[in-house]
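One-based numbering along the sequence shown. Counting starts at 1 for both ligands and their atoms, following the listed order. Here the structure is a predicted model, which means the values were calculated and not measured.
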Amino acid sequence: MDMKSNHAIEKGYESISSGQMYEIENNGESIYSMKKTLMMENAGSRIADFLIDEFKENILENSIVAVCGKGNNGGDSMVAIRHLSGYILARNKAKNKINLSVIILCSPEDFKTEESILNWQIISKMGSIRRLILDSNNIAEIEDEIKKANIILDGIFGTGIKGEIKEPYSKIIETINDNKGTTFILAVDIPSGLDPDSGKIIDKAISADATITFHRPKHGLLKNPENVGRLIVKKIGIPFETEKGVV
Ligand SMILES: NC(=O)C1=CN([C@@H]2O[C@H](COP(=O)(O)OP(=O)(O)OC[C@H]3O[C@@H](n4cnc5c(N)ncnc54)[C@H](O)[C@@H]3O)[C@@H](O)[C@H]2O)[C@H](O)CC1
Ligand SMILES: [K+]
C-alpha cells in the first residue's frame, strides 16, 4: 500500500508508535511462536518485490548497494539483497558476478540477534554478492561503493535509533544523501536518523525517495514527508491478534 498522503490511511494501517511495534513483534514471537527470523524474511522479501516491481528489467543491470547497521534494520536489508540475487542470477545466467553489494558498518561480531547473525552467515557464503566490512574496508572504499550505486537500501538504523549519531554513521548518511537525484534511495522501515515516533531528525537523517515500512506505519513517518518520500506499508504476516491490548 502506498500512502500518498496522511489522509489515505485505510483501516488496519493507522500509524502506531515504535514501542507498540516492538510489543506486537514480541507478542508475535512469545504468543504465536512467529520467530523474528520469519518476520525479517518477510520484510526483506517485500523490499525485493517492491524494487523488482519498481525497476522491472532495469533491476538486472542496476548496481544495488545495501548499507547495513548492526541491528535488525540491517538484517532486513541483507534478506532483500539475497532475494534480489536469486531473482537476478536466474535471469542473468551469463554473469556470475552481479551488481549487488552489502556494506556492513560494523564488524560481523557486532550482530547480536539470531536473525541478523543468520542472515549475515548466509550472505557471507554467497559468491554472487560483494561484501564490504567496516573493519576491513576503509571508509574511502565504502564511500566509493555507495557513490557507484544506482539503488541504495538504507538499512543503517530503523526503530532502534537512540540519541546523537556516532561516526562513521553520520558521514555515511551524508554520503548517501549527496547521491540523491542520481541514485534511488529506499529507506528500510525508517529513514535512518529519523525519530520513528516524532519524525524529528535527531541530528542527521537519510533523505529517501521512498520508505518501505512493515506491519503499520510508525507515527513519525506521517510527520516528515521530506525525508520519508513515498511511503509504502507492507504487512509481513504477523498475526493480527498480536495487536490485542496494544493498538
Ligand atoms: N516491525 C517489524 O515487524 C519488524 C522490524 N524489523 C526491523 O528491525 C528494526 C529494529 O531493529 P533493532 O535491532 O531493534 O534496531 P535497529 O536496526 O534500528 O538498530 C539500531 C542499532 O544501531 C545502534 N544505534 C542506535 N542508535 C545509534 C546511534 N545514535 N549511533 C550509532 N549507533 C546507534 C544500536 O546499537 C543498534 O544496534 C526495524 O526498524 C525493522 O527494520 C525486523 O527485522 C522485522 C520485523
Ligand atoms: K533505515
Side-chain angles (χ1 to χ4, degrees), residues 15-29 32 34-47 66-80 103-120 134 152-173 176-177 185-197 200-218 220-221 224 227-229 231-240 242-243 246-247:
S15 70
I16 53 174
S17 70
S18 56
Q20 285 173 305
M21 190 65 244
Y22 279 116
E23 267 190 84
I24 288 166
E25 278 174 53
N26 293 335
N27 285 347
E29 196 155 62
Y32 297 91
M34 180 174 184
K35 293 196 64 70
K36 287 189 185 155
T37 24
L38 265 180
M39 297 179 193
M40 184 176 280
E41 188 68 21
N42 289 348
S45 72
R46 299 295 186 274
I47 297 166
V67 185
C68 304
K70 58 187 175 183
N72 280 356
N73 195 243
D76 292 353
S77 312
M78 289 192 273
V79 172
I103 296 174
I104 61 162
L105 299 178
C106 62
S107 99
E109 295 72 56
D110 293 334
F111 289 123
K112 293 282 171 284
T113 62
E114 178 197 341
E115 51 272 15
S116 42
I117 292 166
L118 170 69
N119 280 294
W120 172 249
L134 184 64
I152 289 179
L153 289 190
D154 157 31
I156 305 172
F157 305 125
T159 48
I161 178 86
K162 285 184 185 58
E164 266 311 278
I165 295 180
K166 302 179 189 69
E167 286 307 354
Y169 300 94
S170 185
K171 184 107 180 48
I172 296 291
I173 288 175
I176 294 172
N177 284 344
I185 301 171
L186 178 63
V188 173
D189 203 32
I190 312 281
S192 296
L194 215 62
D195 179 297
D197 298 318
K200 285 201 177 55
I201 295 178
I202 292 162
D203 67 283
K204 208 164 277 175
I206 289 286
S207 174
D209 292 289
T211 298
I212 184 164
T213 193
F214 311 110
H215 189 71
R216 283 179 182 256
K218 288 41 163 205
L221 295 177
N224 188 326
N227 285 75
V228 170
L231 179 58
I232 297 100
V233 189
K234 292 290 179 190
K235 298 292 185 186
I236 52 173
I238 299 176
F240 188 74
T242 53
E243 297 195 348
V246 180
V247 179

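Look at I190 and the K ion (ligand 2): an N/O/S atom of the residue is under 3.4 Å from the metal. The K ion (ligand 2) has no N, O or S atom of G155 closer than 3.4 Å.
For the side chain to side chain contact (heavy atoms under 4.5 Å, CB included) with I173, the lone residue among V67, D154, I206, D203 that qualifies is I206.
Atoms OD1 of N73 and OD1 of D154, as seen from the K ion (ligand 2), are separated by an angle of 100°, to the nearest 10°. Considering the K ion (ligand 2) as centre, the angle to OG of S192 and to O of V188 is 170° (10° rounding).
A donor-acceptor contact shorter than 3.5 Å links the side chain of K218 to the backbone of R216. The closest donor-acceptor contact from the side chain of N177 to the backbone of A205 lies under 3.5 Å. With hydrogens and angles ignored, the 3.5 Å screen pairs a side-chain donor or acceptor of E29 with a backbone N or O of K36. Between the side chain of N224 and the backbone N or O of N227 there is at least one donor-acceptor pair closer than 3.5 Å.
With respect to E114 and K35, a salt bridge is recorded, a charged nitrogen being found less than 4.0 Å from a carboxylate O. A salt bridge is absent between D76 and R46: the closest approach of a Lys/Arg side-chain nitrogen to an acidic carboxylate oxygen does not fall below 4.0 angstrom.
For ligand 1, the 4.0 Å heavy-atom shell contains residues M21, Y22, E25, M39, M40, K70, G71, N72, N73, D76, F157, G158, T159, G160, I161, K162, G163, E164, I165, K166, Y169, D189, I236, I238.
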